[in-house]
Amino acid sequence: MYALVDAVAFYASAEKVFDPTIRKRPVVVLTNNDGCICATSPEARALNIPKFEPYFKLKGYLNQHNVVVRSSNYELYADLSSRMMNVIGRFCDNQYVYSIDESFLQFKGFASLIDDWHQYGQEIRLAVWRETKLPVGVGFGITPTLAKAANHAAKKLEGFNGVAVIDDKHSAQAILSRMKVTDVWGIGGRLGKKLNLMRIYSAQDLANQSPKNMRKQFSVVVERTVEELNGKVCLSWDEVKQDKQEIFSTRSFGNRVTDIQSLKSSLITHCAIVGKKLRQQASLTNRLVIFAHSSPHEDKFYKRSYLYDFPVPTSDSRILAKAVSEVLPLLFEQGVRFYKAGVGAIDLVSERYMQEDLFTPSSDNQKLMRSIDGINRLFGKGTITLASEQQTKQWAMKREFLSPRYTTRWKDIPKIVC
DNA sequence: TCTGGGGTCCTAGGACCC
DNA sequence: TCTGGGGTCCTAGGACCC
């Protein structure tokens, strides 16, 4: 048995944790640079506020309905996320944190101890609420895809109250026939349109298809989805939590960047982020993509990207940063108003199978990098950085409606006034 | 005044090689 | 009369997710 547990409108709910005055009000949270709306509380959803629309287009409507607007407060969300994940992790044999607000659970030995999954789901919800004040939905299923579907039902369909269980053909059919095909994990708008043309409208319609045929018409991914909807596990636990094949860090700038120093310091910050993520999954990269471009909404779109090949695969942030320094003059052009830049590690290999180069002595210093990761974990992000990250913060993002970092900064700690 | 997210994986098509 | 291979690598764009 698997479960998927995730938070209801996580960012919006996180904003409500330490601010009870907005608990009952519509809340929206914006993406980086206050660009788009990326989370809507149930009250905001009731006002038909769409997700991923540019904020400036909806400003008037939001004001008119007295909607609370917040910038993304990642420090807060990351901390609340780890608290939430800790609580959830107590309830299963195996937990895989799939994104900031959702985790898959696997039940092996635990399963024999549980006789009522519905009740167990409610226990999880209650524990998370009691300890973090975050509302979560719980879906149980005999495959990961069915757990996802149950989770959708738990939160979006009438009559489930936050928990849904798919443990046989019957319960699967009852839920899948009430779901649109595009509500299935992995089926988006484009595929949905094509499927509709084939008279496949509900999730159950999709489950009724022949997997072989779906592979022919679409891809392996759709084939596996159909199998999973029918209770056959295709995404084994190891596959669900597979290592990433590529790791990117990219960001649009708070203000357009026109000088080479700012571009450099942003790119090197991205290197540090990518390096850290590589080390987290014990991977090394053979090549780095480095890119920068102007706004796609501008008349003449400037875009350049370069591939940098390392003689020896690495996860050392300093070596990644050196690649940026080399490529930078080719990337930068005077007069361009840069809108976004980033780096991506592609062609990853496991640390375990690292192939040393006979002629290039390794300058990779795993121990140093691990120590830096440890110090930053202990004393906070940014305690130790590469010097070139620091040179300028001109490019930092815009966050006009930022709430306090209640749990990660002493000066922001909530005060109780009697 | 101007404003438009971030991340991952897959695929089709082209270039190139023998 | 008409016909012409197979593999690898790269890139851009598509698709999906939250």
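We name chains A, B, ... by the order of the sequence lines, and we start the count at 1 in each one. Every heavy atom of this structure was used, including side-chain atoms; hydrogens, water molecules and symmetry mates were not.
Between A:Tyr98 atom OH and B:dT8 atom P the separation is 11 Å, expressed in whole Å. Between the C1' atom of B:dT11 and the CZ atom of A:Arg190 lies a distance of 15 Å, rounded to the nearest Å. When rounded to the nearest whole Å, the span between CD1 of A:Ile346 and P of B:dG7 equals 15 Å. With rounding to whole Å, A:Glu246 atom CD is found 10 Å from B:dC10 atom C1'.
Side-chain contact between A:Leu146 and A:Leu229 is present, with heavy atoms from C-beta onward closer than 4.5 Å.
Contacts of A:Ile100 with the nucleic acid, taken as non-hydrogen atoms under 4.0 Å apart, are absent.
Using P as the reference atom, C:dG4 and B:dC18 are 24 Å apart when rounded to the nearest Å.
Nucleotide C:dC18 has B:dG5 as its partner under the Watson-Crick or G-U criteria, with both atom distances under 3.5 Å.
The side chain of A:Arg251 places an N or O atom within less than 4.0 Å of a non-bridging phosphate oxygen (OP1 or OP2) of B:dG7. Contact between the side-chain N/O atoms of A:Arg287 and the OP1/OP2 oxygens of C:dT11 is not found at any separation under 4.0 Å.
Side-chain contact, A:Gln106 with A:Tyr96: no donor N or O sits under 3.5 Å from an acceptor N or O. A donor atom on one side chain and an acceptor atom on the other are not found under 3.5 Å apart for A:Asn213 and A:Gln209. No side-chain N or O of A:Tyr201 forms a donor-acceptor pair with one of A:Arg199 less than 3.5 Å apart.
Residue ring and base: A:Phe10 does not count as stacked with C:dC18 (centre distance below 5.5 Å and interplanar angle below 30° not both satisfied).
Looking at the side chain of A:Lys57, the nearest of the listed nucleotides C:dC16, B:dG4, B:dT8 is B:dG4.
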